[in-house]
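Excluded from the calculations below are hydrogen atoms, water molecules and symmetry mates; all remaining heavy atoms, backbone and side chain alike, are included. Quick note: residue numbers are just sequence positions, from 1.
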Amino acid sequence: MKPLLVISAPVDTYSGYGARSRGIAKAIIELDKYEVKILSQMWGATPWGFIKDHEEEWGFLSQHFVNQTSNQQKPDVWIQITVPNEFQPIGSYNIGITAGIEATQCSPPWIEGCNRMNMVLLSSKFSKQVFQQSAYSINNPQGQVTKHLKIERPLDVIFEGVDLNIYNQESDVKMLDIKESFAFLVAGHWLKGKYGEDRKNIGKTIKLFFETFKNMENPPAMVLKTGSDGSISEQENLIEKINAIRSMVKGKLPQLYLVSGNLSDTEVNQLYRDPKIKAMVSFTKGEGFGRPLAEFALTKKPIIVSNWSGHTDFIKPEFAVLLGGNLKNIHDSAAWENVLMKEAKWFDIDEEVAMKAMKDVHKNYKDYVKKSRKSRQYIKDNFSYEKMKEKLSEILEENVKIEAQLRLPNMGAPSKLQLPKLKKVGEPKTELPKLKLPKLKKVTT
């Protein structure tokens, strides 16, 4: 009889954690060493129903679903994919998997969560280093140090492998019906924070693009893939934010096109490979890994990106444009309790360097293409889904021993699975709007 392995993860959501969870679940099922059960969780307010909408590729996961309220046998192995403060030791051996951190410091609840597990897997060497270095001294009312809080469990890295069956495929589909022949692609959620403070730095990226190419004859365009549900209200809100930034720049400005809503993986690859998309730009403040950058690298097109955090595991200066800058405290408007603390720092690009990089890539594109071609083979050799599965197999083989003595101290040994009560944020969406092709919105003055 195979050991029982239960995965608690947001596998059915349209989120970065959803994509991460599906990859992990698929890999473990394919290893065929465990009886795999999946507890499908929500992820904040992100849309629900990914598996139903992608039944042909991902429907097999639903065969492993179990009801969260059902009385199940205690797992031999419990894997929880979420933020560390939610980690709970439910099985005989407990593994926490998290994307990690986008800043320089973990919160105390994250450290405590990690210490409840037998081991924790992170997405990048950067995240692992931050977790290892985060430590706190706890004082009593008299100011005396009573405890030192640091991570005491083993940490390892399991990167987010790219599916070569999708993202290594050439495409002759033209996704973009725009007049410009050269477009920069910016992809990522526009997260909370004042101008220049949101984690993906979307607002500043737009402004610097406008400043770089204003008053130019035949300027390049920018294609912004952001948003989640593609609703009219969401699009109107995004256009309002873009126009507010547009009003900050004087002169004749280049065009920006908005793609909102959810695309399938195949459609995302087609967007990356559209002949009018010439390069990807990311002035991100921090990434646990940076999956879109790894996917786009397979196109052999240039990438312009901040030189800091998780994506530097696979984006190298030999084949990309890495931008300098400085570390800066997280702004109050972008802070997130127990996740992104105001006391932590993240990256702030040098604006002049960023503008110069965009201008030079546009002007001397062929030179940068020659450089960026190296990225494809590097991703294929080191960061594919198959390579991820191999490493995950090694980690499980080396660390998971189904023996009672390996249970955490004072965990107890309940005979039944007692599931954690998770906070429910918003209501799940059972069905999403169907997208044939992305509908572009041209944002004008």
Side-chain angles (χ1 to χ4, degrees), residues 16 20 23 99-104 121-130 132 156-164 166-168 184-188 199-201 205 268-269 272-273 277-327 346-350 353-391:
R20 172 67 155 155
I101 190 71
E102 298 90 4
T104 58
L121 303 180
L122 304 150
S123 291
S124 63
K125 295 176 183 176
F126 161 79
S127 290
K128 181 181 177 182
Q129 183 179 35
V130 172
Q132 288 173 326
D156 209 332
V157 175
I158 187 71
F159 55 86
E160 301 184 25
V162 181
D163 189 341
L164 299 181
I166 295 174
Y167 292 101
N168 195 40
F184 291 99
L185 176 64
V186 176
R199 181 170 71 81
K200 295 287 186 177
N201 218 0
T205 303
V268 171
N269 182 58
Y272 290 160
R273 294 178 181 276
I277 295 293
K278 301 298 186 183
M280 176 175 275
V281 176
S282 174
F283 299 159
T284 181
K285 292 180 174 296
E287 299 290 338
F289 183 73
R291 180 187 289 257
L293 293 163
E295 295 167 349
F296 189 85
L298 288 166
T299 68
K300 300 186 290 187
K301 299 176 183 180
I303 293 174
I304 306 171
V305 66
S306 309
N307 188 18
W308 192 76
S309 71
H311 56 271
T312 58
D313 279 10
F314 57 88
I315 299 294
K316 302 298 182 183
E318 306 95 88
F319 46 74
V321 183
L322 293 170
L323 304 175
N326 299 288
L327 292 180
W346 57 14
F347 198 70
D348 190 46
I349 61 160
D350 184 311
V353 170
M355 293 172 66
K356 181 179 178 182
M358 286 191 290
K359 185 177 290 185
D360 204 46
V361 169
H362 178 247
K363 182 179 179 180
N364 302 298
Y365 184 67
K366 291 183 179 179
D367 294 337
Y368 285 93
V369 169
K370 291 179 183 178
K371 180 179 180 180
S372 63
R373 284 175 178 166
K374 302 175 185 178
S375 63
R376 183 177 187 174
Q377 195 62 46
Y378 188 74
I379 296 294
K380 287 174 64 177
D381 290 345
N382 299 283
F383 290 92
S384 69
Y385 165 79
E386 292 297 333
K387 289 291 183 180
M388 182 275 288
K389 184 169 71 172
E390 287 178 16
K391 180 164 187 187

To the nearest 0.5 Å, what is the distance between [atom1] on [X] and [atom2] on [Y]?
X      : Y      : atom1 : atom2 : result
Lys391 : Asn382 : NZ    : CG    : 11.5 Å
Lys359 : Lys363 : NZ    : NZ    : 9.0 Å
Arg291 : Leu293 : CZ    : CG    : 12.0 Å
Lys200 : Thr205 : NZ    : OG1   : 11.0 Å

Report the residues that fulfil side chain to side chain contact (heavy atoms under 4.5 Å, CB included) with [X], sequence neighbours left out, ordered by chain and then residue number.
X      : value
Arg373 : Lys300, Val369
Lys356 : none
Lys301 : Ile277, Phe296, Thr299, Tyr365
Asp348 : Lys204, Lys285, Lys328

Heavy atoms of other groups near Lys387 NZ, more than 12 under 6.0 Å: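 Counting other residues, nucleotides and ligands, NZ of Lys387 stays at 12 neighbours or fewer.
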
Looking at every non-hydrogen atom in both residues, tell me the closest pair between [X] and [Y] and how far apart they are.
X      : Y      : value
Met358 : Phe184 : O-CZ, 3.5 Å
Ile349 : Ser306 : CG2-OG, 3.4 Å
Arg273 : Leu298 : NH2-O, 3.3 Å
Ser127 : Ala99  : OG-O, 3.5 Å
Gly324 : Val353 : N-CG1, 4.4 Å
Ala294 : Val162 : CB-CG2, 3.6 Å

Check: [Y] and [X] side chains under 4.5 Å, non-hydrogen atoms:
X      : Y      : value
Thr104 : Trp308 : yes
Asn269 : Ile166 : yes
Met280 : Ile304 : no
Pro302 : Phe319 : no
Asn168 : Lys380 : yes
Lys316 : Lys374 : no
Val157 : Gln129 : no
Asp367 : Asp360 : no

Which of Asp350, Ile315, Thr312, Val321 passes side chain to side chain contact (heavy atoms under 4.5 Å, CB included) with Asn307? Answer is Thr312

Any side-chain donor-acceptor pair under 3.5 Å between Ser309 and Glu287?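 Judged by distance alone, the side chains do not pair up.
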
Are side-chain N/O atoms of Ser372 and Ser375 paired as donor and acceptor at under 3.5 Å?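 No - no donor-acceptor pair under 3.5 Å links their side chains.
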
[X] side-chain N/O to [Y] backbone N/O, donor-acceptor pair under 3.5 Å:
X      : Y      : result
Lys371 : Ala320 : yes
Asp313 : Lys125 : yes
Ser123 : Gly288 : no
Arg199 : Gly286 : yes

Residue list, ring-ring contact (aromatic ring centres under 6.0 Å, His included) with Tyr385, at least two apart or on another chain: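 Partners of Tyr385 under the ring-ring contact (aromatic ring centres under 6.0 Å, His included) test: none.
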
Going by the rule ring-ring contact (aromatic ring centres under 6.0 Å, His included), which residues pair with Tyr368 if we only count those two or more places apart in sequence or in a different chain? none

Is the ring pair Phe383/Phe159 parallel, tilted or perpendicular, if the boundaries are 30 and 60 degrees? perpendicular

Report the C-alpha separation of Met388 and Ile158 in whole Å, then their side-chain angles, then the decisive distance to 0.1 Å, and conclude whether the side chain to side chain contact (heavy atoms under 4.5 Å, CB included) test is met. CA-CA 7 Å; Met388 182 275 288; Ile158 187 71; 3.9 Å; yes

Please report the C-alpha distance between Leu323 and Val305 in whole Å, then the side-chain angles of each, then the deciding distance to 0.1 Å, and finally whether the side chain to side chain contact (heavy atoms under 4.5 Å, CB included) criterion is met. CA-CA 6 Å; Leu323 304 175; Val305 66; over 6 Å; no

Does the ring centre of Phe347 sit less than 6.0 Å away from the ring centre of Phe283?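 Not close enough - the centres of the two rings lie 6.0 Å or further apart.
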
Stepwise, does the side chain to side chain contact (heavy atoms under 4.5 Å, CB included) test hold for Glu295 with Tyr272? CA-CA 9 Å; Glu295 295 167 349; Tyr272 290 160; 2.8 Å; yes

Should Phe314 and Tyr378 be marked as a ring pair (Phe, Tyr, Trp, His ring centres under 6.0 Å) after you check the CA-CA gap, both sets of side-chain angles, and the distance that decides it? CA-CA 8 Å; Phe314 57 88; Tyr378 188 74; 8.6 Å; no

